[in-house]
Amino acid sequence: MDAIILARLQFAANISFHILFPTITIALAWVLLYFKLRHDRLRRVNPKDDRWILAYRFWIKVFALSFAMGVVSGITMSFQFGTNWPGYMEKVGNVAGPLLAYEVMTAFFLEAVFLGIMLFGFRRVPNWLHSLATFLVAFGTTMSAFWILALNSWMQTPTGYTMIGDVVHAEDWWAIIFNPSFPYRLTHMLLASGVTVSFLIAGISALRWLRGDRAADLTAGLRTGIYLAAILIPLQIVAGDLHGLNTLEHQPQKVAAMEGNWQTSSHVPLLLFAWPDMETRSNHFEIAIPNGASWILRHGAEGVVPGLNDYAGEHPPVAPLFFAFRIMVGLGLLMLAVSWVASFYLWRRRDLPLYLQRTLIAMTFSGWVATLAGWYVTEIGRQPYLVTGILRTADAASAVPAPMIGFSLTLYLIVYAALIIAYMGVITRLALKAARGQKPSPDQPAEAGTFAAAE
């Protein structure tokens with residue numbers, strides 16, 4: 001394989017593994033704060049009701065594990081800027097360097113300082129301080145996303161810079177940070193984190209329920225996960241639509257690849273399925289909704305949608321974007337349906353039917369798949385540029401031989417596969433251990449196992 005392709009695959013493997021864990025910690029920190037505040041409020045009324053603090057104690061273990069995995073994988077990813085992509089920092093380091101430094105100074109330090117209080121300070125520090133530490137860790141995870149996405153968005157839609165020779169220099173930091181795509185990408189990512197955590201909580205809670213756990217803290221967590229997903233997914237659909245319109249304005253070639261549209265025209269159909277062919281610059285086996293793409297992107301059948309033929313040599317590979325986009329949207333619609341059906345059962349105060357419990361368990365990590373699909377659309381859609389209009393990917397690559405990159409890539413994949421399996425195994429073990437400790441006794445009344453009684 002070509003060294004550049006291998007280097008791209010290696011960075012893709014690193015960032016794909018890394019992004020899984022911030023996607024959990026960003027939203028899970030806020031859910032933990034919600035659990036803590038609910039407990040603080042409830043204990044004034046009923047000091048014996050400990051459901052929310054028990055939920056907090058269970059999910060903080062998942063948060064700690066995810067946080068540690070995110071930190072370690074982030075370190076290995078950052079090394080590759082110097083090893084595989086030295087041209088990146090040489091060209092745009094005056095912008096990328098400070099933004100990455102701001103993330104460390106304002107976000108990571110905040111998380112690191114208060115994480116210990118959050119994890120180990122319960123009953124060791126005043127309750128208000130423990131709640132404050134939880135808030136500051138949650139705020140820190142969000143600020144971390146803020147700075148990283150500011151840089152990533154600038155790479156998509158660069159503004160606020162000037163060229164001195166062949167090097168980028170910052171001219172307007174406000175324009176750099178709040179570049180045209182940043183508000184949409186930040187909103188989209190934060191909501192994606194919330195949806196991912198919602199299904200993680202719902203799936204693990206459903207596993208505990210299926211194994212006989214009827215604890216009140218389980219019910220509290222299950223309701224939180226399902227209701228949160230039911231609320232956030234419609235918001236994500238709206239945010240995704242706005243993000244798509246922004247991308248159409250600033251990166252029309254990316255949208256053309258997502259839609260599999262080759263010729264600029266009106267009355268463009270929405271392709272539910274097709275097989276894009278780069279050689280013939282056409283699609284095979286199309287299944288389409290007439291005028292659908294024009295309606296979605298231009299809000300009318302007469303709307304003109306850009307075609308890939310207008311960007312020959314300057315557009316990303318079509319098939320990866322086309323299929324990744326449909327995986328993301330398809331999973332989102334499935335998650336919406338599942339969360340709404342589950343919300344209906346919980347609202348009626350009925351036990352979740354067996355098929356729905358199993359569905360939630362199967363979709364525990366569905367947010368990961370949707371997030372990765374969305375990131376592939378974002379990152380592959382920027383090709384052939386590393387920084388749109390400024391730096392091509394091929395121009396930033398190092399001279400490391402392909403066999404060396406291939407060897408390290410193989411090691412990365414083996415280690416990451418083992419870590420993912422171990423991570424899922426630990427979380428499953430935590431859930432099963434909690435379920436074994438909370439099984440109802442044989443003489444417990446049957447109605448005590450219902451959601452109504454647990455509430």
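One is the number of the first residue; the rest follow in order along the sequence. Heavy-atom basis, side chains included; hydrogens, waters and symmetry copies ignored.
- The six-membered or imidazole ring of Trp275 lies near that of Phe323, with a centre-to-centre distance under 6.0 Å.
- Here CG of Leu222 is found 11.5 Å from CG of Leu207. Values are rounded to the nearest 0.5 Å.
- When the options Val341, Val338, Leu352 are evaluated for a side-chain contact (heavy atoms from CB on, under 4.5 Å) with Thr359, the one that passes is Val338.
- Not less than 6.0 angstrom separates the ring centroid of Tyr102 from the ring centroid of Phe108.
- Aromatic ring centres of Phe21 and Tyr423 lie closer together than 6.0 Å.
- No donor-acceptor pair under 3.5 Å is formed between the side chain of Thr264 and the backbone N or O of Pro306.
- Between Asp217 and Arg51 there is no salt bridge, since none of the side-chain N atoms of the basic residue sits less than 4.0 Å from a carboxylate O of the acidic one.
- Although no hydrogens or angles enter the test, the distance criterion places a donor-acceptor pair under 3.5 Å between the side chain of Arg298 and the main chain of Val304.
- By the 6.0 Å contact criterion, CZ on Phe285 is open, its count of non-hydrogen atoms from other residues, nucleotides or ligands being 12 or less.
- The distance from the CD1 atom of Ile176 to the CG atom of Leu99 is 7.0 Å, given to the nearest 0.5 Å.
- Rounded to the nearest 0.5 angstrom, Ile237 CD1 and Ile233 CD1 are separated by 7.5 Å.
- Judged purely by atom type and a 3.5 angstrom limit, Thr159 uses its side chain to pair as donor or acceptor with the backbone of Ala175.
- Legend: residues meeting side chain to side chain contact (heavy atoms under 4.5 Å, CB included) with Ala64, ordered by chain and number and at least two apart, are Leu119.
- The CD1 atom of Ile361 sits 8.5 Å away from the CD1 atom of Ile204 when rounded to the nearest 0.5 Å.
- In summary, of the residues considered (Phe35, Phe58, Trp59), a ring-ring contact (aromatic ring centres under 6.0 Å, His included) with Trp52 occurs for Phe35 alone.
- For the pair Arg392 and Glu314, the salt-bridge criterion is met [side-chain N within less than 4.0 Å of a carboxylate O].
- Arg326 places a side-chain N or O within donor-acceptor distance of the main-chain N or O of Leu271, the cut-off being under 3.5 Å.
- Judged by distance alone, the side chains of Asn283 and Glu286 do bring a donor and an acceptor atom under 3.5 Å apart.
- Taking CG of Leu413 as the start and CG of Leu409 as the end, the distance is 4.5 Å to the nearest 0.5 Å.
- Between the side chains of Ser16 and Tyr376, at least one donor N or O sits under 3.5 Å from an acceptor N or O.
- Residue Ile60 comes nearest to Met118 through the heavy atom pair CD1-O, 3.3 Å, listed as atom of the first residue, atom of the second, then distance.
- Using modelled atom types, one finds no donor on one side chain facing an acceptor on the other under 3.5 Å when comparing Thr393 with Trp85.
- The minimum heavy-atom distance between Thr142 and Trp30, with the atom names listed, is OG1-NE1, 2.8 Å.
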Residues Ile117, Leu132; criterion side-chain contact (heavy atoms from CB on, under 4.5 Å); working and verdict: CA-CA 9 Å; Ile117 299 175; Leu132 178 62; over 6 Å; no
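- Separation of atoms OG1 (Thr157) and CZ (Arg382) is listed at 11.0 Å; rounding is to 0.5 Å.
- Under the 3.5 Å distance criterion, with hydrogens and angles disregarded, no donor-acceptor pair is assigned to the side chains of Gln156 and Thr388.
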Step-by-step side-chain contact (heavy atoms from CB on, under 4.5 Å) determination, Leu270 to Trp295: CA-CA 9 Å; Leu270 175 64; Trp295 272 105; over 6 Å; no
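- Residues that satisfy the ring-ring contact (aromatic ring centres under 6.0 Å, His included) test with Phe139, not counting sequence neighbours, are absent from this structure.
- Between Asp277 and Arg281 there is no salt bridge, since no side-chain nitrogen of the basic residue lies less than 4.0 Å from a carboxylate oxygen of the acidic one.
- For the residue pair Ser131 and Lys36, a side-chain donor N or O sits within less than 3.5 Å of a side-chain acceptor on the partner.
- Using modelled atom types, one finds a donor on one side chain and an acceptor on the other under 3.5 Å when comparing Arg185 with Ser181.
- Leu391 meets the side chain to side chain contact (heavy atoms under 4.5 Å, CB included) test with Tyr88, Lys91, Leu386, Val387, Asp395, Ala396; sequence neighbours excluded.
- The ring-ring contact (aromatic ring centres under 6.0 Å, His included) with Phe182 is formed by just one residue from the set Trp154, Trp147, Phe146; it is Phe146.
- A distance-only check finds a donor-acceptor pair linking the side chain of Ser193 to the backbone of Ala27 [under 3.5 Å].
- Glu379 and Asn152 share a donor-acceptor pair across their side chains, judged by distance under 3.5 Å alone.
- A donor-acceptor pair shorter than 3.5 Å can be found between the side chains of Thr134 and Tyr56.
- Asp50 and His39 form no side-chain donor-acceptor contact under 3.5 Å, judged by distance and modelled atom types alone.
- Counting all heavy atoms, side chain and backbone alike, Thr76 lies closest to Asn14 at OG1-OD1, 3.4 Å.
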CA sep, side-chain torsions, deciding dist, call: Leu210, Leu354, side-chain contact (heavy atoms from CB on, under 4.5 Å): CA-CA 8 Å; Leu210 188 64; Leu354 183 60; 3.4 Å; yes
